[in-house]
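Reviewing the structure listed below.
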Amino acid sequence: MEMVRSNCGELGLADVGRRVRLEGWVDALRDHGDVLFIHLRDRSGIVQVLFGPDMTSRESYALAGSLKAEYCIAVQGEIIARMAGTENPNLETGLIEVAAQELSILSQSETLPFQVSEKAMVAGLTKSAGTVMEDLRLQYRYLDLRRPSMQRNLIKRHKINKCVRDFLDERGFIEVETPILTKSTPEGARDYLVPSRVHPKNFYALPQSPQLFKQLLMVSGLERYFQIARCFRDEDLRPNRQPEFTQLDLEASFIDEEFLYELIEELVVRMFSLGDIDLPRPFPRMTWREAMDTMGSDKPDTRFGLRFVDATDIFRNTTYGIFRQIIDRGGCIKGINIPNQSEKLSKNVLQNEYAKEIVPSFGAKGMTWMRVHGDKLESNIVQFFSTEEQVAIRERFKAGNGDVIIMIADASYEIVTSALGELRLHLARRLDLIPPDCFSPLWVTDFPLFLPTEEGITSNHHPFTAPDRTDFDPFDREELLTLRSRAYDLVMNGEELGGGSIRIHDRELQFKIFRALGLTEQQVQDKFGFFLKALDFGAPPHGGLALGMDRVVSMILGAASIREVIAFPKNRSAHCPLTEAPSEVAEEQLAELSLLNLGSKNNLPGTGKEQDLPDSLSWVSRIALGGEERPVIASALQEAEKMAALVAEKSGDGEPLFSVLPVQNHMRKEALAKTSRLSEAGHMLKNAPSVKGTFFKVASILE
Ligand code: ASP
C-alpha cells in the first residue's frame, strides 16, 4: 500500500523509528564521499535526508548521485536520531534525520538563476541568500516564492486576511464583491481604462476603490459590508506603491465616528497580534491642525518627540532683519528643541550641513540654529537678539544645557511646517531617536474638506465625504476652504494605513459639493447621475473606511517593501518582469476594439497597412494559422468574397427582410465533406482548440 506523505518540517524525536514518505525539493546538498546528505524542503520546513550504501537501495543510491539543487523528489526512509554532536539547531527538525531507502526524481531543475536555499547545512553557520537584483527575483518569482522567508510572508498574509474575515463576520459584516469593469470612481488618481469591444470607443475604468458601490450597498439596506478588494490607480510610482493594491474596504449604516474607531482599533489590534505586536488601546487622536502645527505632516510619526514650538510672537519687535521682514510679511517662525544633542550637532554640522545643504533641500531658504551652553545661547547670529529675546527663546523651547534649537522662518506657513517636518524626520533618523520595535498608532481627524488648487479647489479625500456643516455657499472659494470634513485617517509610525469618513447621504448636499468642485450640472449628471439617483430612494446615514492591506501586512511582518508581501508584484516602473506585462498587442486586436480609428486617423499606428484577411479571420476565430494553412484559407476567403459580391449583385435594392420564411432547421443531406489532402494529413486547423472528425470548435466569440 502507498504510504501517506509526511510533512518534512513536522518530524521530530517522537517519530524516530517510523518509516516515512516525503516529497519536496532539494534545498541543499553535501557530499561526504560514501554518504550524501541533502536538505529536503517542503512548505512545512526542512529535514535532512541521507543516502548511503548501507541504507539506500542500489538504484536509488546511484540516482542520488545525480541530485542537484531544486530537483523535485520523493523519498522513503526511516527516521533516525542524529548522533550526539551532529544536531543542527538551524533546523526545527535538527535532532533527527531520515535514512533514505528509496528515491525517485519527480522532476529535474535547470541551473538556478539565484540561490533559493536559506538554511545552512552545517550547525553554527548562517547562510545568506545574498543580494539578488529585485528584477531577477520578480522574473523568476516562482523560485523566489519557494524561499521559506517568502512563503512565510504569504502564509502570514493569509492568516491576517482570515483574522479580518472572522472578526468582521463576528461583527455582522457581509463580504460582497463589487465590479472590476466599472465607471470611474474619483480617488484623486488617473484611471486605468479598458476599451469595450461591444461598445466601440467606450471604456470601462478599473476601480480606484469600491467607494460608490459600497455606498450603493448601504442604500441597498445591507447595513454592514466589507471586501478585501483590489484597487487600481495609475499614479507615478513611489517606493511603497503598486498600480494595483489591496484594500480592506468596509462600510456601515446608522453609525458614527465612534463606532468606526472602536471597530477598527479592535481589528487592528487583532491583526498586529498575529505578528506578536501589542498595540495599546484606545489609539490617540489628533486633529489635522495640531498634526500640521506640531509635526508638519498629516501622517505624523509619533514614535518620538521633536514637536514644533511656535516662536513668532517672541520676535514681534526684533531688530534681527530676516525675522523682522518675515513677520512684516505675515509669516511665521517655528522651531524644534533637540535635547542633549549639542555634541553630535556641532557648529560645523549645523552650519555647513543643515543650514547650507539639508534644510534648503527641504524647500526652506535657510535656518537658524542655537546651541545651549550653560544658560547661554551660542550661534553665529546670537548677537543680533536682545537679552529678553534670548531668555524667551530658552523658556519657550524649554531648552537646557546641551540642547540644540533649530528654527525656520518664512512668509509661508506651509514652507515652514513642511521643511521643519522633513527636518524632524531627518534628525530622528540621524540621531537614532526612533525606538526600535515601537508601533505608534494615531487617528488624525478634522481634515479640511477641500484643498486649494491653482484654479480652484479639490476634495482632500473624495467628494462623498460629509462636511462639518452644510450651510455653505458652494461658489465661495474662501468659505469652502474653511470647511472641515468628518474624515479620519489611521496613521502608524508616520505611514497612512487607511482612512475613511462619514458620508453624505442627502442628495441636495451631494449635488452642492459637486457644484463646489466646479462640475457643471451636465457633468454631474454624466458622471454621477446614477449615484445621485440612488440617494433619492431613502439612503441611510452611513460611513466607512479602507485599510491598505499591503502596507498593513508589510508593517506587521517588518518587510522591507510591500513587494515582499505581494505574490506577483510589478517592479518600480509598473512592469512585470515575469510576464512582461504590459506588452504590445496585435494590430487586429486594436482594430477589433475600434482603437485604430480614434483621433487623427493617419497618425495612428497600423491604420495605413492593408488588412490581411487570413490574419483577421484567425484573430476572430482565435485559431492560429500555420504557414501551410494560410494559402488554403486565403483562397477559400477569395471564393467567399466572390460569392458575397454575387449575392450583393443579385440582391436588388429593396430593404433587406429579417426573415422571408418561418424559421426552421434544414438538415443537409448526409454527404461526406470534401476534404483536402492537407486536412486529411491533419495539417489544417491543427491549432483549433478542439477538432472532432471533420468539424472543429470555434471560440464562443463567433456564436
Ligand atoms: N475609498 C476610500 C479610499 O480608497 C476609503 C473610504 O473613504 O472608505 O481611500
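Values in this document were obtained by computation on a predicted structure and should not be read as measured data. One-based numbering, in listed order, for ligands and for the atoms of each.
Neither the backbone nor the side chain of E496 comes within contact range of ligand 1; no heavy atom lies under 4.0 Å. Contact annotation: for S209 versus ligand 1, heavy atoms closer than 4.0 Å belong to the side chain alone.
Looking at Q208, H461, E187, Q211 and measuring to atom 6 (C) of ligand 1, the nearest heavy atom belongs to Q211.
Taking the six-membered ring where the residue is Trp, F464 and H462 present tilted rings, their angle falling between 30° and 60°.
Close approach of ligand 1 to R233 is summarised as follows: ligand atoms under 4.0 Å from at least one heavy atom of the residue are 3 (C), 4 (O). Using a 4.0 Å cut-off to heavy atoms of L545, the atoms of ligand 1 that qualify are 8 (O). Which parts of ligand 1 touch G499 is read off a 4.0 Å heavy-atom cut-off, strictly below it: atoms 5 (C), 6 (C), 8 (O). For ligand 1 and Q247, the ligand atoms under 4.0 Å from any heavy atom of the residue are 3 (C), 4 (O). Listed by atom number, the atoms of ligand 1 under 4.0 Å from K214 heavy atoms are 6 (C), 8 (O).
Side chain of D468 to main chain of R484: a donor-acceptor pair is present (N/O by atom type, distance under 3.5 Å, no hydrogens or angles).
Side-chain contact check for R224 versus L168: every heavy-atom pair is 4.5 Å or farther apart. Within the 4.5 Å cutoff, side-chain heavy atoms of M549 are placed close to those of N161.
On a distance-only criterion, D249 and ligand 1 share no N/O pair closer than 3.5 Å.
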Compile the donor-acceptor pairs under 3.5 Å between side chains in residues 432-445 and protein atoms, sequence neighbours left out, one pair per line.
unit_1, atom_1, unit_2, atom_2, d
S440, OG, T302, O, 3.4
S440, OG, T302, OG1, 2.8
W443, NE1, E265, OE2, 2.8

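Under the side chain to side chain donor-acceptor pair (under 3.5 Å) criterion, D278 pairs with no residue, sequence neighbours left out.
The cationic atom of R424 (NZ for Lys, CZ for Arg) lies less than 6.0 Å from the six-membered ring centre of F304 and within 45° of the ring axis.
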